[in-house]
Amino acid sequence: MTRYIFITGGVVSSLGKGIASAALGALLQARGYKVRLRKLDPYLNVDPGTMSPYQHGEVFVTDDGAESDLDLGHYERFTGVSAEQSDNITTGRIYQNIINKERRGDYLGATVQVIPHVTNAIKDFVLSDAGDVDFVLCEIGGTVGDIEGLPFFEAIRQLNQELEPLQAVFVHLTLLPFISTAGEMKTKPTQHSVKELRSIGIQPNILLCRSERPIPEGERRKIGLFCNVRQDSVIEALDSEHIYEVPLDYHRRGLDKEVLKHFGINNAPEPDLSRWHDISDSLRTPDGSVEIAIVGKYVSLPDAYKSLIEALHHGGLANQVKVKIRWVQSEEFDSDDADLEAKLRGAHAIMLPGGFGERGATGKIRTAQYAREKKIPCFGICYGMQMAVVEAARNMAQIDGAGTSEFGAPKAKIVGLMEEWTKGNAKEVRSESTDLGGTLRLGSYTALLKKGSRVAEIYGSESIEERHRHRYEVNIDFKEQLEEAGLSFSGLSPDGKLPEIVEIPDHPWYIGVQYHPELKSRPFEPHPLFSSFIGAAKVQSRLV
Ligand code: GLN
């Protein structure tokens, strides 16, 4: 029987519900259970694909090409289970489906309503495709009390009635603020948040209380009493130094044991947490540190680079070093008198991340030139790779008017709009006027690597699968000219038409990839490109 855990949040947003859900999933998995994690997002966008990274952070892409919430990235990193399109739903998508059905006449004249049509669609989503999974963990986005969240709360309330007894558990994440002037921890916001939940028919089984300080026993008792929750189920969730220590911290506080108790499972195997202890040890005892400069457009909101940051840390774990990040705004390098040296001096490697639009593009091109000429390890991802190729075209191959058609109409279209490509056996076609949402080249594609290239050595393979999210593509017509100038096209799509990887063999470490390798990196399996990149930064750190 599949059991369901619903994770809701109260008091304020940004309490780390995604990580809490992922950590609980990891703990159940460590006990031998099969888990699956899902995110229900109450906003009206059909998916986060067209949302600004400043507002919503990174768009996480799954193998099957869904543009989804960044929490799915946490789920994957903590459990190793690859997320799918069917693991993230939004109000927008639900309504889109319902309205399409209504237009087709599928409701046979019925009045279409939030209850039961929207709530049924949410319940169908939660229950769909559970297979032989032991626990499905469903995180509800937003905070209890949000108007748009109501149908989701109503749906999980109904589900709890419809499932077998002991088949669903509600975990509510709250905050216990500490008021320093009064010297007291306050439980009232938590009480109100639970009251709000109970008023819509949901009695949480477990309260996971985020707090900066240890929660005194008396306060836990009080919270239990006022919130109608057993005291043992009021779990302290202190800030952890490293996110990969959260599962260990929650286990110490008894979270997984309490969850199982609420399901009536008293004979669960003890968890094997050895791999989490290993990670914790590595994080706490690095051999040294390296500093990576990320030169990007969205650096004021690190959430926009969530998977990238994590993948860099995984690369650090693989090399037993701590990775420090230096954020550099690419826009600052757009102007002709930009002083790159002042901002980049001392960085042991440079990362050019993905991005969209003109702002900061020149800055990225200049950064690529700086790293190439100064022989500093440099890793370009997606847009970063495209700009590195434009730089190589301008300055290595001396191609006049080299640019990208993402903005303007360059004389030499080094990077151009992809109008046709193949996905499996099907042909995908796009034009300038195609909708922006969901029409990029998305999801997992194969790339074939050149024998003897650095990337083939790093991957230990000549065929790889990586996730994509882009609309433009390096123009294969310039391959010969660029290769003659010293930029090797070491990875191509199987039909040889789409450049996937470029590298400069005559450089300590200079690789650009069209895909997003950061999306597949996990703490237990650091992505080979990130391990190698941080390895190169480590070498560089001993040189400077
Ligand atoms: N803007 C570029 C494109 O659409 C790169 C996208 C990205 O970096 N993810 O092709």
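All ligand and atom numbering here is 1-based and tracks the order in the structure. When reading the values below, keep in mind they use all heavy atoms of this one structure, side chains included, and skip hydrogens, waters and symmetry mates. Residue indices begin at 1 and follow the sequence shown.
Aromatic ring centres of Tyr43 and His56: separated by under 6.0 Å. The six-membered or imidazole ring of Tyr445 lies near that of His468, with a centre-to-centre distance under 6.0 Å. Proximity of the aromatic rings of His527 and Phe533 is defined here by a centroid distance below 6.0 angstrom, and this criterion is not met. Between Trp327 and Tyr298, the ring centre distance reaches or exceeds 6.0 Å.
When each atom of ligand 1 is checked for a heavy atom of Gly354 under 4.0 Å away, the hits are 8 (O). Taking every heavy atom of His470 and a limit of under 4.0 angstrom, the matching atoms of ligand 1 come to 3 (C), 4 (O), 6 (C), 10 (O).
With no hydrogens or angles considered, no side-chain donor-acceptor pair links Glu518 and Tyr305 at under 3.5 Å.
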Output, in order, the C-alpha distance, side-chain angles, deciding distance and verdict of side-chain hydrogen bond (donor to acceptor under 3.5 Å, both in side chains) for Glu465 and Thr446.
-> CA-CA 4 Å; Glu465 306 276 326; Thr446 305; 2.8 Å; yes
Please assess Glu245 against Ser240 for the test side-chain hydrogen bond (donor to acceptor under 3.5 Å, both in side chains), listing each intermediate value before the final yes or no.
-> CA-CA 7 Å; Glu245 290 184 330; Ser240 297; 6.0 Å; no
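Counting protein heavy atoms only, atom 3 (C) of ligand 1 is closest to Arg471 N, 3.4 Å. In terms of protein heavy atoms, atom 8 (O) of ligand 1 is closest to Gly355 N, 2.9 Å. What sits closest to atom 10 (O) of ligand 1 on the protein, heavy atoms only, is Tyr472 N, 2.8 Å. At the top of the distance list for atom 2 (C) of ligand 1, counting protein heavy atoms only, stands Glu406 OE1, 3.2 Å.
For His516, the closest heavy-atom approach to ligand 1 falls below 4.0 Å.
Any N or O atom pair closer than 3.5 Å counts here, and Cys382 shares no such pair with ligand 1.
When non-hydrogen atoms are compared, ligand 1 lies under 4.0 Å from the backbone of Arg469 (N, CA, C, O) but not from its side chain.
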